[in-house]
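Below is one structure, written out as structure tokens; comments come after it.
Computed from heavy atoms alone, side chains included, the values below leave out hydrogens, waters and symmetry copies.
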Amino acid sequence: MNYIGSKQSLMGFLTDTITQVVGTETEGKIFADLFAGTGAVGTEFKKRGYRVLANDIQYYSYVLNRHLIGNVPPLEATIVNELNQLAGTEGFIYKNYCAGSGSGRQYFTDENGKKCDAIRIHLEELKRSGEIDEAQYYYLLASLINSIDKYANTASVYGAFLKKVKKSATKEFELELLPIIPGDKESKAYNDNISNIITTIGGDILYMDPPYNARQYCTNYHVLETIARYDNPIVKGKTGLRDYTEQKSAFCSKKTVVEAFDEVLRNAEFNYIFLSYNNEGLMDFNTIRKTMEKYGEYQQFSTDYKRFKADVDENRNYSSDKTTEYLHCLIKK
């Protein structure tokens, strides 16, 4: 997925740096990724032999990580062909996010919205009847979320839809399966606020990739959240937002971010703590350094990378096409 803050392009920098600090031994080691997003970082460390604990407050993220982190081979999903052959259904996605329904919203073409509804409804029926187990359910649901995003009529995020349907959104939707990642069978995904989960788990390495600015992920990806939950929420406004009161992150507010960060560091039962953060975030470099130094030995590493641009207009005032990504490290006392 083309995801804000994704570390896919920075994976070499992250893995090389973390290995440089902690060493290459992975057997029996626990790696926690508590702002997991689409699971890119956790998946990489699962491949490397770590037991991975992944968490995110967004349910669509939990679904992705429940499969990528929680599932291991062997796992079959031969039913994918049956799902792709389903006739479209005028369900919640079509009625609220497709122009033909009269909703005034155009996140998907009518045909793709109906197909998404049909597959989503059928997955619940298969789970309820016992025709698929929990592992298969999350395998298929994660694949649906990952697949449908490629057909969205947006500029990468769901804060708005495009007035004209772009070429990629006009293609006929097809469900494609995500990979099944070999690794530690005890790896696990959670769906909680980091302030809660940090008091219940521990391990060797804690990796944190929180939001850097005031934009909440729950608004940028609200349509994927609704597809994941399929809970028929009340949606409002031009963009069809669902209520996200319980999913707001304290890391998205200048008033609360430092306190929230300090709380996590204070409660973290991990030997090494790494924080990904760029030079334009709500917390400045010195604040991060001073906060981490309270709890042990501090180091920092950095690299420049190309800025993520969801759309041209939103980013037109930025003075540079590049930003600096810092990987702050705390070796806890």
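For the residue pair D184 and S187, no side-chain donor N or O sits within less than 3.5 Å of a side-chain acceptor on the partner. A donor atom on one side chain and an acceptor atom on the other are not found under 3.5 Å apart for N193 and Y190. Residues E131 and S129 have side chains that bring a donor and an acceptor to within less than 3.5 angstrom of each other. In summary, the side chains of E124 and Y137 do present a donor paired with an acceptor at a separation below 3.5 Å, with no hydrogens or angles considered. Y151 and E111 share no donor-acceptor pair across their side chains, judged by distance under 3.5 Å alone. Side-chain polar atoms of E125 and H122 form a donor-acceptor pair below 3.5 angstrom. In this model, no donor atom of one side chain and acceptor atom of the other lie less than 3.5 Å apart for Y139 and D133. In this structure, a donor-acceptor pair under 3.5 Å is present between the side chains of Y207 and S276. N267 and T199 form no side-chain donor-acceptor contact under 3.5 Å, judged by distance and modelled atom types alone.
In this structure, E25 places its CD atom where more than 12 heavy-atom neighbours from other residues, nucleotides or ligands lie under 6.0 Å away. Summarising the local packing, CD of E293 is surrounded by more than 12 heavy atoms from other residues, nucleotides or ligands at distances under 6.0 Å. Taking a 6.0 Å sphere around CD of E259, one finds it holds 12 or fewer heavy atoms contributed by other residues, nucleotides or ligands. Atom NZ of K290 sits in a sparse spot, with 12 or fewer heavy atoms from other residues, nucleotides or ligands closer than 6.0 Å. Heavy-atom contacts from other residues, nucleotides or ligands closer than 6.0 Å to NZ of K171 number 12 or fewer.
In terms of the side-chain contact (heavy atoms from CB on, under 4.5 Å) criterion, residue partners of A142 (sequence neighbours excluded) are, by chain and number, V63, L64, H67, L178.
Of the listed residues (Y295, F301, F285), just one forms a ring pair (Phe, Tyr, Trp, His ring centres under 6.0 Å) with H328, and that residue is F285. Just one of Y244, Y3, F251, F35 meets the ring pair (Phe, Tyr, Trp, His ring centres under 6.0 Å) condition when paired with Y217; it is Y3. R242 pairs with exactly one of T226, N232, N96 by the side-chain hydrogen bond (donor to acceptor under 3.5 Å, both in side chains) rule, that one being T226.
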Please assess F161 against Y107 for the test ring-ring contact (aromatic ring centres under 6.0 Å, His included), listing each intermediate value before the final yes or no. CA-CA 5 Å; F161 49 84; Y107 284 102; 5.2 Å; yes
Could you go through the side-chain hydrogen bond (donor to acceptor under 3.5 Å, both in side chains) check for Y277 and Q300 one step at a time? CA-CA 11 Å; Y277 216 74; Q300 68 85 14; over 6 Å; no
Applying side-chain hydrogen bond (donor to acceptor under 3.5 Å, both in side chains) to N2 and S156, what does each step give before you reach the verdict? CA-CA 6 Å; N2 192 7; S156 298; 3.2 Å; yes
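K166 is listed as a side-chain neighbour of N153, based on a closest heavy-atom distance under 4.5 Å. K114 has its side chain out of reach of T89: every pair of non-hydrogen atoms, C-beta onward, lies at least 4.5 Å apart. Between Q299 and I331 there is a side-chain heavy-atom pair separated by less than 4.5 Å. Considering only heavy atoms from C-beta on, F31 stays 4.5 Å or farther from D204 through its side chain. Taking 4.5 Å as the limit, some side-chain heavy atom of T15 sits within range of a side-chain heavy atom of R48. Looking at D262 and K294, their side chains come closer than 4.5 Å, going by heavy atoms from C-beta outward. Inter-residue side-chain proximity for V235 and H222 is flagged as unmet; no heavy-atom pair is nearer than 4.5 Å. You'll find the side chain of K7 stays beyond 4.5 Å of the side chain of F13, heavy atoms only.
Looking at R120, its side chain does come within 3.5 Å of a backbone N or O of A228 through a donor-acceptor pair. Under the 3.5 Å distance criterion, the side-chain polar atoms of K332 are matched with a main-chain donor or acceptor of A268. Side chain of N112 to backbone of F173: a donor-acceptor contact under 3.5 angstrom is found. E225 places a side-chain N or O within donor-acceptor distance of the main-chain N or O of Y60, the cut-off being under 3.5 Å. Not one N or O on the side chain of N65 forms a donor-acceptor pair closer than 3.5 Å with the backbone of A189. R289 contributes no side-chain N or O that, together with a main-chain N or O of Y298, makes up a donor-acceptor pair within less than 3.5 Å. At least one donor-acceptor pair closer than 3.5 Å links the side chain of Y94 to the backbone N or O of G100. Judged purely by atom type and a 3.5 angstrom limit, S302 has no side-chain atom pairing as donor or acceptor with the backbone of Y326. With hydrogens and angles ignored, the 3.5 Å screen pairs no side-chain donor or acceptor of S147 with any backbone N or O of L175. In this structure a side-chain-to-backbone donor-acceptor pair under 3.5 Å is missing from K29 to G49.
When hydrophobic clusters are built by joining Ile, Leu, Val, Met, Phe, Trp and Tyr residues whose side-chain heavy atoms come closer than 4.5 Å, directly or via intermediates, Y272 is grouped together with L327.
The aromatic rings of F92 and Y230 lie perpendicular to each other, with more than 60° between the two planes, well past the 30° mark.
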